[in-house]
Amino acid sequence: MRPFSPLSRKPLLAIAFVAIFYILYNVASHPRVTKTMQPTAYYNNYDEQVCLPQRQLKMNPPRTKAKAAFVILVRNKEQEDIAETIVNLEDKFNKNFRYPYVFLNNEPFTEEFKHAMQRASPGADMQFGLVPVQHWGYPSFVNQSYAKDCRDQMEADQVFYGGMESYHHMCRYQSGFFFRHPLLDKYDYYWRVEPGVKFFCDITYDPFLYMQKYGKKYGFVVTLLELRDTIPTLWETVLQYARSRHINVDKPGQLFPYFRDESTGDYNLCHFWSNFEIASLDLWRSPQYRDFFNYLDSTGKFFYERWGDAPVHSIAAGLFLDTNEIHYFEDIGYQHDLYRHCPSKESGLGCRCECPEGTTKDSIDHDQNWDTCLPRWRQWVKKSEADRKKALSWKYSW
Ligand SMILES: Nc1nc2c(ncn2[C@@H]2O[C@H](COP(=O)(O)OP(=O)(O)OP(=O)(O)O)[C@@H](O)[C@H]2O)c(=O)[nH]1
Ligand SMILES: *[C@@H]1O[C@H](CO)[C@@H](O)[C@H](O)[C@H]1NC(C)=O
Ligand SMILES: [Mg+2]
């Protein structure tokens, strides 16, 4: 063995210096961590609700990615609105995360449309898919002249979009088919985006990885009341289905009762607004969900009534998921049409939000709107967490 000479200490000193600089650097560049950050032992720059400086993200882009993509069902004529949304989404999130886009349409996308998308996010990975005809037309068991009578009646009754034939196909497609498109085969999660929606806050962590890490299957930003006259018989159909498949809708932890009016047993009309969704594709690919969709579809009421994909997704999540598999993306500032959600000041959530406040001529704070289900959601989550703790302590006292 070599004797320990002063000379051989030099590398040691150098290592010590490097270590000290490394620690100092990390302390100095430590990001602001929001108050409600999940209590885990560590954080990194993509896994938690952190608010990193853009500069830091740019210098140190995320190294891990989920198998995920944006999914956008859109018409050629909505080109401008969707381009605007993509510019906004890239700016707030995706320029750092580089997730691919999958565009879907029941008609072929025009070259002009594709070029406009590429211009909106130069260099982004974009795929343009055609919806297969058997996923958009009428199934054989639907009586098309009766469907037309129903639409005329809905039109007369002013059922929202009830008279619009394409809207029925869209809702059915989003309920039962989008996740079967081959362009989505290689992904585990999707983020649904629609033309014209806006994002107000920087998103400097990866919501897909968040879902993956915490075992979340469905994420939303707005929960609200559905229009009753679009789904007159949806709830009874769901109950019939649950009975026929012997599904216990009241298992401990289950989401289903969130959607049930306890006094009447009827649908309370709460659902998650599906124009924003970050969710697991496997949730919809599962045999149980397909069976559920086929059951609903066989009634023809995507056409005879105007069942929306939002209540269908939500109630299915109720049947097949536990409450703690749902994630409320409270930190994401978002607007669709006039309705906006922004993280409140008290929550401490949201990263550099540029949110309008109160009610303006082109946006409404939906969390304060009459038809929000947010208070019910918060109560529901509190209750199910309490129940879970109680169940756990029971288990341990045995
Ligand atoms: N390709 C295609 N996409 C459609 C069609 N109808 C609707 N979509 C898309 O489906 C999504 C929902 O349709 P919207 O018309 O925005 O319906 P909505 O969001 O319920 O209602 P508003 O936005 O309030 O009009 C959007 O992404 C549309 O671009 C259609 O006939 N073909
Ligand atoms: C289809 O619906 C129409 C009512 O619009 C009805 O007259 C017709 O008998 C129905 N056809 C079948 C095969 O049930
Ligand atoms: Mg829309």
Side-chain angles (χ1 to χ4, degrees), residues 70-86 88-89 101-110 113-114 116-117 127-133 135-154 158-179 181 183 190-199 220-222 224-227 230-231 271-277 298-314 334-340 362-364 366 369 371:
F70 299 106
V71 178
I72 306 179
L73 178 73
V74 63
R75 290 163 285 208
N76 285 304
K77 66 174 183 200
E78 293 170 298
Q79 174 180 319
E80 248 169 69
D81 282 350
I82 190 63
E84 217 171 286
T85 291
I86 287 170
N88 170 224
L89 185 55
Y101 290 82
V102 175
F103 296 89
L104 299 175
N105 190 353
N106 59 310
E107 288 172 9
F109 283 113
T110 61
F113 182 94
K114 295 183 197 173
M117 295 310 108
Q127 306 282 324
F128 298 87
L130 183 63
V131 170
V133 280
H135 291 176
W136 197 275
Y138 287 95
S140 57
F141 50 82
V142 166
N143 179 336
Q144 293 187 37
S145 54
Y146 181 55
K148 171 81 174 84
D149 296 345
C150 291
R151 285 201 304 280
D152 291 345
Q153 189 59 50
M154 287 186 267
Q158 299 181 12
V159 176
F160 193 64
Y161 283 134
M164 189 175 172
E165 189 175 22
S166 65
Y167 199 87
H168 292 261
H169 289 296
M170 184 276 289
C171 290
R172 180 170 175 263
Y173 183 73
Q174 295 284 28
S175 299
F177 298 102
F178 80 96
F179 52 89
H181 198 285
L183 286 177
Y190 68 97
W191 178 335
R192 173 159 155 190
V193 177
E194 286 197 6
V197 305
K198 291 194 193 91
F199 295 89
F220 71 93
V221 286
V222 169
L224 76 172
L225 296 178
E226 180 56 295
L227 305 165
T230 64
I231 45 158
H271 64 293
F272 308 124
W273 221 17
S274 62
N275 47 70
F276 173 104
E277 290 182 319
S298 69
T299 66
K301 288 179 181 171
F302 283 100
F303 301 101
Y304 309 148
E305 296 182 4
R306 206 232 66 201
W307 291 0
D309 54 289
V312 169
H313 282 184
S314 295
Y334 175 78
Q335 183 174 330
H336 172 273
D337 290 346
L338 284 184
Y339 282 174
R340 145 170 57 85
D362 45 21
S363 95
I364 296 167
H366 186 260
N369 212 48
D371 62 347

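Note that ligands are numbered from 1 as they come in the structure, with each ligand's atoms numbered from 1 the same way. Residues: numbered from 1 along the sequence shown.
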Quiz item: Quick one: side chain to side chain donor-acceptor pair (under 3.5 Å) partners of R151, sequence neighbours excluded?
Solution: Y138

Quiz item: Do any protein N, O or S atoms sit under 2.8 Å from the Mg ion (ligand 3), and which ones are they?
Solution: E194 OE1, H336 NE2

Quiz item: When rounded to the nearest 0.5 angstrom, what is the spacing between OH in Y161 and CZ in R306?
Solution: 9.0 Å

Self-check item: Nearest protein heavy atom under 4.0 Å from atom 14 (O) of ligand 2, yes or no
Solution: yes

Quiz item: Under 3.5 Å, side chain of N76 to main-chain N/O of P108, donor-acceptor pair present?
Solution: yes

Self-check item: Atom pair SG/CZ of C150 and F303 - distance to nearest 0.5 Å
Solution: 11.5 Å

Exercise. Could you tell me which atoms of ligand 2, counted from 1 in the order shown, lie closer than 4.0 angstrom to a heavy atom of S145?
Key: 1 (C), 2 (O), 3 (C), 5 (O)

Exercise. Over 60° means perpendicular and under 30° means parallel, so classify the ring planes of W273 and H336, tilted if in between.
Key: perpendicular

Quiz item: How close does the nearest protein non-hydrogen atom get to atom 4 (C) of ligand 2, and which residue and atom is it?
Solution: D149 OD2, 3.5 Å

Quiz item: For ligand 1, what is the set of protein residues having any non-hydrogen atom at a distance below 4.0 Å?
Solution: L73, V74, R75, E78, N105, N106, W136, Y161, S166, Y167, M170, E194, P195, H336, D337

Exercise. With sequence neighbours left out, write down each residue that passes salt bridge (Lys or Arg N to Asp or Glu O under 4.0 Å) with D152, or none if nothing qualifies.
Key: K148

Quiz item: Side chains of D371 and Y339: donor-acceptor distance under 3.5 Å anywhere?
Solution: yes

Self-check item: Shortest protein heavy-atom distance from atom 2 (O) of ligand 2, along with the residue and atom involved
Solution: N143 ND2, 2.3 Å

Quiz item: Under 4.0 Å between a Lys/Arg side-chain N and an Asp/Glu carboxylate O for D309 and R192?
Solution: yes

Quiz item: To the nearest 0.5 Å, how far apart are CD in Q174 and CG in L104?
Solution: 8.0 Å

Quiz item: Do other residues, nucleotides or ligands put more than 12 heavy atoms under 6.0 Å from the CD atom of E194?
Solution: yes

Quiz item: Would atom 7 (O) of ligand 2 count as contacted, meaning some protein heavy atom under 4.0 Å?
Solution: no

Exercise. Could you check whether the rings of H169 and W136 sit parallel, tilted or perpendicular, using 30° and 60° as the cut-offs?
Key: parallel

Quiz item: From F70 CZ over to I86 CD1, what is the distance, rounded to the nearest 0.5 angstrom?
Solution: 9.0 Å

